[in-house]
K.L.:
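Below are the structure tokens for one structure; questions will follow.
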Amino acid sequence: PVPPVHPRDKWSKKMDFLLSVVGFAVDLGNVWRFPYICYQNGGGAFLIPYTLMAVFGGVPLFYMELALGQFHRTGAIPIWRRICPIFKGIGFAICIIGLYVSFYYNTIIAWALYYFYSSFSGTLPWASCDNPWNTPNCTNYFGRSNVTWTNSSRSPAEEFYTRKVLEIQKSGGLYDVGGIRWQLLLCLFLIFTIVYFSLWKGVKTSGKVVWVTATLPYLVLLILLVRGATLPGAWRGVLFYLRPDWGKLLSTAVWVDAAAQIFFSLGPGFGVLLALASYNHFHNNCYRDALVTSAVNCLTSFLSGFVIFTVLGYMAEMRDVEVEDVARDKGPSLLFITYPEAIANMVGSTFFAVIFFLMMITLGLDSTFGGLEAVITAVMDEYPQVLAKRRELFVLGLITVCFLGSLSTLTYGGAYVVKLLEEFGAGCSILAVVLLETIAVSWFYGIQRFSHDVKAMLGFAPGLFWKVCWAAISPALLAFIVVSSLLEQPPLVLFGYQYPAWSTSVGHLVGASSFVCIPVYMVYKLVWTPGSLKQRLAVCVRPEKTTRDAQAEAL
């Protein structure tokens with residue numbers, strides 16, 4: 001007797017799927033990481049390696065993952081039974097990485113929510129130095145002519161972020177992170193509540209929520225772009241952002257940065273595209289979807305560069321310094337210190353602050369939806385007999401785990417934990433996982449077989465370009481990034497705090513803990529398969545006939 005197959009959920013509308021994919025791919029990284037990496041690596045010249053890496057690496061993998069999900073209609077763990085069973089550990093590794101990311105990513109959204117709440121006031125709390133949390137180092141230079149800016153000077157926005165939102169002065173570093181900041185705990189609780197009620201019923205609910213969370217950021221970006229373009233000094237910022245430095249193209253680091261940026265931005269291999277595409281109709285044109293959504297993602301990155309840099313130019317004009325001195329902040333602090341500071345000194349600052357942080361919250365939320373949906377779909381498809389009817393309970397359990405895991409990032413020294421997890425939780429390990437995934441599909445499952453699957457769905461087989469990228473170019477690029485990121489590891493620093501040596505070891509353990517699932521599962525699979533070693537290997541790399549295939553043939 002064949003067990004009953006539960007009819008799989010479907011997206012209500014095609015647009016729900018597209019917006020979910022765009023919402024996942026476009027996140028905070030597009031707004032702060034891309035502009036920063038772009039100006040650091042030669043401005044306009046950087047667009048050349050970026051485009052090449054997208055065309056030969058990012059987009060082919062994006063397309064591959066959408067096609068795999070749509071054809072096999074299952075999540076990241078059980079799909080390996082149909083591709084190459086010995087690689088099933090990849091599915092578990094992806095879920096663990098997804099968990100690590102959910103431990104810190106939502107805390108960044110919680111900070112944005114705290115700012116959002118603080119923005120509802122006549123004068124923004126980070127506009128002046130007259131607050132209880134300010135120190136004598138606080139220097140407000142807007143609208144003053146004779147301000148001396150020294151190395152110890154701190155802007156009111158920086159002190160608001162570090163001393164009021166994070167209260168990082170109460171922590172002595174990673175040794176002593178201190179207690180939990182209860183206001184942030186409340187913010188995070190609210191964020192997770194929104195996430196739960198968006199995901200609990202599956203794509204029927206999340207497909208509706210993304211209509212707001214995926215479109216709102218574009219509206220806000222346009223408003224901020226118009227506002228930024230009309231500020232004095234805006235052109236200085238744009239020049240700085242795009243002035244090409246062709247000499248940079250000769251350094252390997254630039255190409256590594258371009259490749260890493262496109263992979264992390266599009267997010268192939270995180271199991272998310274697989275999960276989202278698995279709720280599509282079988283004959284949906286996922287080729288066109290892949291091209292459209294990845295183009296939208298890259299253009300968003302490029303556009304947000306203008307939003308950020310027009311404002312940096314304005315600040316350089318006000319401080320009477322060069323743009324590079326203003327643009328020193330990298331990472332989230334660009335969004336939590338530099339940009340809010342500029343907003344505080346515009347006409348209508350409250351309005352711009354409210355929409356800016358609303359944009360940050362919505363940018364983050366739908367990326368969280370994607371990351372968690374990948375884990376939910378993978379686990380529920382792996383254990384359907386237990387979980388099929390209990391989705392709401394399972395999602396509640398998962399969100400609770402994420403919430404408890406996030407507690408360390410809500411302490412006074414939580415920002416240090418966030419940076420550590422961000423650096424090691426998903427960095428090198430996810431790239432190594434994607435590399436193995438590509439090799440498993442291209443070399444073990446086989447390009448011909450995969451092309452045949454695509455033809456069954458779309459009516460046409462992928463062209464030579466795609467096959468060459470899948471089989472050779474994309475894996476080579478990934479291997480290139482993995483090796484260079486392993487070799488070159490800069491010391492971690494945050495707010496002048498040097499991370500101790502042991503924290504790097506902890507980071508490597510966190511990174512290895514997800515990847516180790518792959519070899520462990522391979523050994524387990526080989527040991528439990530009967531027969532001689534040669535027979536075992538043959539069985540372990542051959543796709544299994546699943547109950548669904550048997551049913552389909554019976555029909």
K.L.:
Side-chain contact test, heavy atoms from C-beta onward, threshold under 4.5 Å: evaluate it for Tyr104 versus Val417 and give yes or no.
P.N.:
no
K.L.:
Nearest 0.5 Å, what's the CG-CD1 distance between Asp381 and Ile77?
P.N.:
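One finds 9.0 Å between CG of Asp381 and CD1 of Ile77.
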K.L.:
Test Asn280 against Lys10 for side-chain hydrogen bond (donor to acceptor under 3.5 Å, both in side chains), laying out the working first.
P.N.:
CA-CA 6 Å; Asn280 270 336; Lys10 289 273 186 288; over 6 Å; no
K.L.:
Ser514 and Ile96: which non-hydrogen atoms are nearest, and at how many Å?
P.N.:
CB-CG2, 3.8 Å
K.L.:
Test your reading of the model: is there a side-chain donor-acceptor pair from Trp200 to the backbone of Phe197, 3.5 Å cut-off?
P.N.:
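Side chain of Trp200 to backbone of Phe197: a pair is present.
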K.L.:
Rounded at 0.5 Å granularity, tell me how far CD1 in Ile79 sits from CZ in Phe71.
P.N.:
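Atom-to-atom, Ile79:CD1 and Phe71:CZ are 10.0 Å apart.
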K.L.:
So, does Ser367 use its side chain to make a donor-acceptor pair with the main chain of Phe24 at under 3.5 Å?
P.N.:
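Here the side-chain-to-backbone pair exists.
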K.L.:
Do Leu28 and Leu335 make a side-chain contact, defined as non-hydrogen atoms from C-beta onward lying under 4.5 Å apart?
P.N.:
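The answer is yes, as the side chains (C-beta and beyond) meet within the 4.5 Å cut-off.
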K.L.:
Check the pair Tyr287 / Trp466 against ring-ring contact (aromatic ring centres under 6.0 Å, His included), numbers first and verdict last.
P.N.:
CA-CA 11 Å; Tyr287 173 61; Trp466 300 103; 5.7 Å; yes
K.L.:
Any side-chain heavy atom of Met360 within less than 4.5 Å of one from Ile109?
P.N.:
no
K.L.:
Can you check side chain to side chain contact (heavy atoms under 4.5 Å, CB included) on Ile430 and Tyr100, steps first, answer last?
P.N.:
CA-CA 11 Å; Ile430 190 82; Tyr100 288 154; over 6 Å; no
K.L.:
Answer yes or no: is there a donor N or O on one side and an acceptor on the other, between the side chain of Asp366 and the main chain of Phe369, under 3.5 Å?
P.N.:
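No, because the side chain of Asp366 does not come within donor-acceptor range (under 3.5 Å) of the backbone of Phe369.
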K.L.:
Could you check whether any side-chain heavy atom of Asn41 comes within less than 4.5 Å of a side-chain heavy atom of Tyr50, counting everything from C-beta outward?
P.N.:
no
K.L.:
For the residue pair Ser301 and Asn30, confirm or rule out a side-chain donor-acceptor distance under 3.5 Å.
P.N.:
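Per modelled atom types, Ser301 and Asn30 side chains form a pair under 3.5 Å.
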K.L.:
What's the verdict on side chain to side chain contact (heavy atoms under 4.5 Å, CB included) for Phe270 and Val101, showing C-alpha distance, side-chain angles and the deciding distance?
P.N.:
CA-CA 11 Å; Phe270 288 57; Val101 172; 5.5 Å; no
K.L.:
Before you tell me yes or no, could you show the steps for Phe515 and Val433 under side chain to side chain contact (heavy atoms under 4.5 Å, CB included), namely the whole-Å CA-CA distance, both residues' side-chain angles and the distance that decides it to 0.1 Å?
P.N.:
CA-CA 7 Å; Phe515 189 77; Val433 170; 4.0 Å; yes
K.L.:
For residues Phe87 and Tyr521, establish whether the separation of their ring centroids is below 6.0 Å.
P.N.:
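Centroid separation for Phe87 and Tyr521: 6.0 Å or greater.
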K.L.:
Give a yes or no on whether the backbone of Val510 and the side-chain of Ser513 come within a donor-acceptor separation of less than 3.5 Å.
P.N.:
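Answer holds: yes.
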K.L.:
Counting only heavy atoms not in Lys455 (residues, nucleotides, ligands), do more than 12 fall under 6.0 Å from its NZ?
P.N.:
no
K.L.:
Could you walk me through whether Asp289 and Lys14 pass salt bridge (Lys or Arg N to Asp or Glu O under 4.0 Å), step by step?
P.N.:
CA-CA 10 Å; Asp289 297 350; Lys14 170 73 181 261; 3.1 Å; yes
K.L.:
Quick check against the 3.5 Å criterion: does Lys248 have a side-chain atom that pairs as donor or acceptor with the backbone of Gln40?
P.N.:
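Present.
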K.L.:
Are side-chain N/O atoms of Thr409 and Thr107 paired as donor and acceptor at under 3.5 Å?
P.N.:
yes
K.L.:
Determine yes or no for a side-chain-to-main-chain donor-acceptor pair under 3.5 angstrom, with Thr205 supplying the side chain and Gly202 the backbone.
P.N.:
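Checked: pair present.
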K.L.:
For the pair Phe302 and Tyr241, name the ring-plane relationship: parallel under 30°, tilted 30 to 60°, perpendicular over 60°.
P.N.:
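Judged by the thresholds at 30° and 60°, the geometry between Phe302 and Tyr241 is tilted.
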K.L.:
With no hydrogens and no angle check, just 3.5 Å: does a side-chain donor-acceptor pair link Gln535 and Ser532?
P.N.:
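A donor-acceptor contact under 3.5 Å links the two side chains.
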K.L.:
If I compare all heavy atoms of Tyr105 with all of Leu363, which pair ends up nearest, and what's the gap?
P.N.:
OH-O, 4.3 Å
K.L.:
Would you confirm whether Gln70, through its side chain, and Ala277, through its main-chain N or O, come within 3.5 Å as a donor-acceptor pair?
P.N.:
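No, Gln70 side chain to Ala277 backbone: no donor-acceptor pair under 3.5 Å.
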K.L.:
Mind checking the OG1-CG spacing from Thr213 to Leu365? Nearest 0.5 Å is all I need.
P.N.:
6.5 Å
K.L.:
Taking the ring of Phe309 and the ring of Phe306, is the distance between their centroids below 6.0 Å?
P.N.:
no
K.L.:
Just by distance, with hydrogens left out, do Asn106 and Ser406 show a side-chain donor and acceptor under 3.5 Å apart?
P.N.:
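No, Ser406 and Asn106 have no side-chain donor paired with an acceptor closer than 3.5 Å.
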K.L.:
Supply the atom-to-atom distance Lys204 NZ to Asp9 CG, rounded to the nearest 0.5 angstrom.
P.N.:
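The CG atom of Asp9 is 5.0 Å from NZ of Lys204, to the nearest 0.5 Å.
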K.L.:
What's the shortest heavy-atom distance between Met457 and Ala67, and which atoms?
P.N.:
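For Met457 and Ala67, the tightest heavy-atom pair comes out as CE-O, 3.5 Å.
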K.L.:
With a 4.5 Å limit on heavy-atom distance, are the side chains of Tyr39 and Phe34 in contact?
P.N.:
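No, every pair of side-chain atoms sits at 4.5 Å or beyond.
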K.L.:
Any chance the side chains of Tyr63 and Ser294 put a donor and an acceptor closer than 3.5 Å?
P.N.:
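Their side chains do not contain a donor-acceptor pair, so the 3.5 Å distance test is not met.
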K.L.:
Taking atom CD1 of Ile399 and atom OG1 of Thr193, what is their separation to the nearest 0.5 Å?
P.N.:
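Here the rounded value is 9.0 Å.
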K.L.:
If you take the centroid of each ring, where Trp contributes its six-membered ring, are Phe465 and Phe56 closer together than 6.0 Å?
P.N.:
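Yes; Phe465 has its ring centre under 6.0 Å from that of Phe56.
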K.L.:
What are the two closest non-hydrogen atoms of Phe394 and Ile376, and how far apart are they?
P.N.:
CE2-CA, 3.8 Å
K.L.:
Measure across Ser278 and Arg8 and return the closest heavy-atom pair with its distance rounded to 0.1 Å.
P.N.:
OG-NH2, 2.8 Å
K.L.:
Looking at SG of Cys298 and CG of Leu266, how far apart are the two atoms once the value is rounded to the nearest 0.5 Å?
P.N.:
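Rounded to the nearest 0.5 Å, the SG-CG separation comes to 5.0 Å.
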K.L.:
Could you tell me which residues satisfy side-chain hydrogen bond (donor to acceptor under 3.5 Å, both in side chains) with Arg391, sequence neighbours excluded, listed by chain and number?
P.N.:
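Per chain and number, Arg391 pairs via side-chain hydrogen bond (donor to acceptor under 3.5 Å, both in side chains) with Glu373.
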K.L.:
Please answer whether the main-chain N or O of Glu544 pairs with a side-chain N or O of Arg81 as donor and acceptor at a distance below 3.5 Å.
P.N.:
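Looks like no, no N/O pair under 3.5 Å.
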K.L.:
Regarding Thr300 and Tyr218, do their side chains bring together a donor and an acceptor under 3.5 Å, going by distance alone?
P.N.:
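Present: a donor and an acceptor within the cut-off.
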K.L.:
Do Asp453 and Tyr445 meet the criterion of a side-chain donor-acceptor pair at a distance under 3.5 Å?
P.N.:
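A pair is found: one side chain offers a donor N or O, the other an acceptor, under 3.5 Å apart.
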K.L.:
With a cut-off of 6.0 Å (strictly less than), are more than 12 heavy atoms of other residues, nucleotides or ligands near CZ of Arg288?
P.N.:
no
K.L.:
Carefully, step by step, assess Met53 and Leu477 under the rule side chain to side chain contact (heavy atoms under 4.5 Å, CB included).
P.N.:
CA-CA 8 Å; Met53 291 296 178; Leu477 289 179; 3.6 Å; yes
K.L.:
Considering only heavy atoms from C-beta outward, does the side chain of Phe356 approach that of Ile223 to under 4.5 Å?
P.N.:
no
K.L.:
Taking Leu526's backbone N and O only, do any of them form a donor-acceptor pair with Arg536's side chain (distance below 3.5 Å, no angle check)?
P.N.:
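Present.
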K.L.:
Taking the side chain as every heavy atom from C-beta outward, state whether Thr377 and Tyr279 have any atom pair closer than 4.5 Å.
P.N.:
yes
K.L.:
Tell me whether Phe460 at atom CZ has more than 12 heavy atoms from other residues, nucleotides or ligands lying less than 6.0 Å away.
P.N.:
yes
K.L.:
Who are the side-chain contact (heavy atoms from CB on, under 4.5 Å) partners of Thr438, not counting sequence neighbours?
P.N.:
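Testing Thr438 for side-chain contact (heavy atoms from CB on, under 4.5 Å), a comparison that skips the adjacent residues, returns Leu61, Met64, Val434, Ser442, Pro475, Leu478.
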K.L.:
Between Phe450 and Trp470, how do the two ring planes meet: parallel, tilted or perpendicular, split at 30° and 60°?
P.N.:
perpendicular
K.L.:
Which atom names give the shortest non-hydrogen contact between Ala45 and Leu249, and what distance separates them?
P.N.:
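Closest pair (atom of Ala45, atom of Leu249, distance): O-CD2, 3.5 Å.
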K.L.:
Give a yes or no answer on whether the side chain of Thr293 reaches the backbone of Val22 with a donor-acceptor pair at less than 3.5 Å.
P.N.:
no
K.L.:
Does the side chain of Cys540 come within less than 4.5 Å of Pro85's, by heavy atoms?
P.N.:
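No - every pair of side-chain heavy atoms lies 4.5 Å or more apart.
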K.L.:
If the plane angle is over 60° it's perpendicular, under 30° parallel, otherwise tilted; pick one for Phe17 and Trp11.
P.N.:
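Phe17 and Trp11: tilted rings.
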